[in-house]
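Here the structure comes first, spelled out in structure tokens, and everything after it is commentary.
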Amino acid sequence: MPPSSSKFPKTTRLLRGGQFQKVYRRRRSVSDRILIVHGCENDLEHARLGLSVSKRVGNAVVRNRWKRAIREAFRLIQAETSPGIDLVISPRRGATPDALMIRRSLKSLTQRLACKLG
RNA sequence: GAAGCGGACUAGAUGGUCGCUGGUUGCCGCCCAGCUUGGGCGGCGACGGGAGGAAAGUCCGGGCACCACAGGAUGCGAUGGUGGGUAACGCCCACCGGCCGCAAGGUUAGGGAAAGUGCCACAGAGAAUAGACCGCCAGACGGGCACACUAGCCCGUCGGGUAAGGGUGAAACGGUGCGGUAAGAGCGCACCAGCAGGCUGGGUGACCAGCCUGGCUAGGUAAACCCCAUCGGGUGCAAGGCCAAGCAGAAAGCAAGCCUCGCUUAGCGGGGCUUCGGGCCGAUCCGGUCUGCCGCUUUCGGGUAGGCCGCUCGAGACGCCGGGCAACCGUCGUCCUAGAGGAAUGGCCAUCGUCGCCGACCGGCCUCGGGCGAUCGGCGAAACAGAACCCGGCUUAUAGGUCCGCUUCAAGC
RNA sequence: GGAUGGGUGGCCGAGUGGACUAAGGCGGCAGUCUUGAAAACUGCUGACGUGGCAACGCGUCCGGGGGUUCGAAUCCCUCCCCAUCCG
């Protein structure tokens, strides 16, 4: 059953180390001032999200804030992005987790990534 | 009112909306077992849960799990006033001693240096059974001055005496006074400080108070070795257990003698002793124990890194009463309060409350250049920080606010 | 989540109670040699604050803070940072 547009169940997340490895091995990534996005095709009708937030970004509270902000942005824009892509998103080191900026950045980065994957 | 000390509490609130997570439950779909009851997975819906005072650092102490385990000695590590609390502690409480503060109070690794060993740089004469550089003192010798008498004064050299003075140092082997002496010195005496021993009184005790005697002096350092007392098995939930899936194994090591017993009798098997090898008893030794060939041990290599359990009812929270100075303990009553796993507990909006700044306004108050207060509007701020098996502490980070007790100073009565 | 090891000039690093704190090497600067450079050789060289016209002087600093000691890079406590390991 495909997920409805604004929900975020477990089927739209990457849960295994192997899935992350697959995305990294595809070696297709785009980035801007605040985010780095790795991408890879999957055989599903929808996109899936994985998060990789390094300890260098900040302490646990800052890392949680990043993850929530990116998840929220992904949840809101997943209907308009191209389906069938697995994404692994990492924040850049100097950036601050601002919800509006992340949503705008994520939208353009996923479009660029879809072009790159062909 | 000003300054300060100690302690406790809180960690914005309410509502709406969109999400996440696991629990209970209803419906639907698939799978397994099937006579039925059932079990598992997924989706949708409803109901009620969903971070902290430090969840942090991992600095201590436990519970729990696995491994190991007769015991003794040595070693290693930790702790260190006394008494209590505790499951335990390096924690807490009370008290004692030292230091700081006018005080409330704060702080204290606070056993032993008259068991032993080591060290105390530089400077200084001498640095721990001390030491004569300058100085002080008398003596011998030589020289000079003065020489009538007492025999004097000065300089130099020599070997002595002397710890009162100078100087060095973080530290120089008690302080003051009197006597004493060639000069001096606890050399003698008095007082003071400090020490040792004994006695008396108080206290469970650390210790306190007093008296007597002694010798006159004992340096510091044990967060140097050490001694004494007490405590301590190791590893950690990635412990550990079950299920599923999956690959590929290789190398090394694994005694000898004697006695005895059994059998299908010249071979095989069992038991005991001695020596030897190996493992374990955390490091060493004594001592003990297991084992020595067709299965074990060790090392290297390969494969998985999926699911379930452990996983939250516990030294549990709250309240009353009782015991105790207190930490804390006990009876009774009520309650169940997060369990994730690429890792949930959040985003947005509105209203209210707190604080700060700016502006407007008031028939409020005053020491009237201004300050305080009330009302309204706008803008801004709200910390430190995220459970990862669970508890008890410690340490560190922390915006704003509330309350309680106490001290000193000032004013009024 | 748990367990270990380590922080010394710009860099690598010795020093594990003794004075002006700091061995040695790399690097940097200046000089000699050269037409010029490289190599070689010789000498110098830490940062910050402060005083001074200058030469130079004084103070602080071994990740930060506190303690023990006459004296700490060294011993003890505590905090911060970095690196490694696990099933």
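So you know, we letter chains A, B, ... as the sequences are listed, proteins then strands, and number each from 1.
Distance CG (A:L100) to P (B:C349): 11 Å, rounded to an integer number of Å. If you measure from atom CZ of A:R103 to atom P of B:G347, you get 14 Å, rounded to the nearest angstrom. Distance CG (A:L15) to P (B:A340): 15 Å, rounded to an integer number of Å. Put simply, CG on A:L49 is 19 Å from P on B:G346, counting in whole angstrom units. Summarising the geometry, the separation between CD on A:Q78 and P on B:G19 is reported as 11 Å, rounded to the nearest angstrom. Atom CD1 in A:I77 sits about 16 Å away from atom C1' in B:C18, given to the nearest Å. With rounding to whole Å, A:L76 atom CG is found 11 Å from B:C348 atom P.
Not counting sequence neighbours, the partners of A:R26 by the side chain to side chain contact (heavy atoms under 4.5 Å, CB included) test are A:R28, A:C40, A:E41, A:L117.
A:K7 has a side-chain polar atom (N or O) that falls below the 4.0 Å cut-off from OP1 or OP2 of B:G45. In terms of phosphate contacts, A:K10 brings no side-chain nitrogen or oxygen within less than 4.0 Å of OP1 or OP2 of B:A340.
Heavy-atom distances under 4.0 Å link RNA chain B to A:N59, A:A60, A:V61, A:N64, A:R68, A:R71 of residues 55-72 of chain A, given in residue order. Within a heavy-atom distance below 4.0 Å of RNA chain B, the residues of residues 18-31 of chain A found are A:F20.
In this structure, B:U200 is classed as anti because its glycosidic torsion departs from zero by more than 90°. A syn base is found at B:A218: its glycosidic angle is within 90° of 0.
Applying the salt bridge (charged side-chain N to carboxylate O under 4.0 Å, His left out) test to residues at least two apart or on different chains, the pairs with a partner in residues 107-118 of chain A are A:E80-A:K107. Within the structure, salt bridge (charged side-chain N to carboxylate O under 4.0 Å, His left out) contacts touching residues 11-25 of chain A (residues at least two apart or in different chains) do not occur. Applying the side-chain hydrogen bond (donor to acceptor under 3.5 Å, both in side chains) test to every pair with at least one member in residues 52-71 of chain A, sequence neighbours left out, gives no pairs at all.
Remark: the backbone N or O of A:K7 is paired with a side-chain donor or acceptor of A:Q78 at under 3.5 angstrom. The main-chain N or O of A:L106 is found under 3.5 Å from a side-chain atom of A:T110 such that the two form a donor-acceptor pair.
Pairing for B:A127 is absent, with no Watson-Crick or G-U wobble pair whose two atom distances lie under 3.5 Å.
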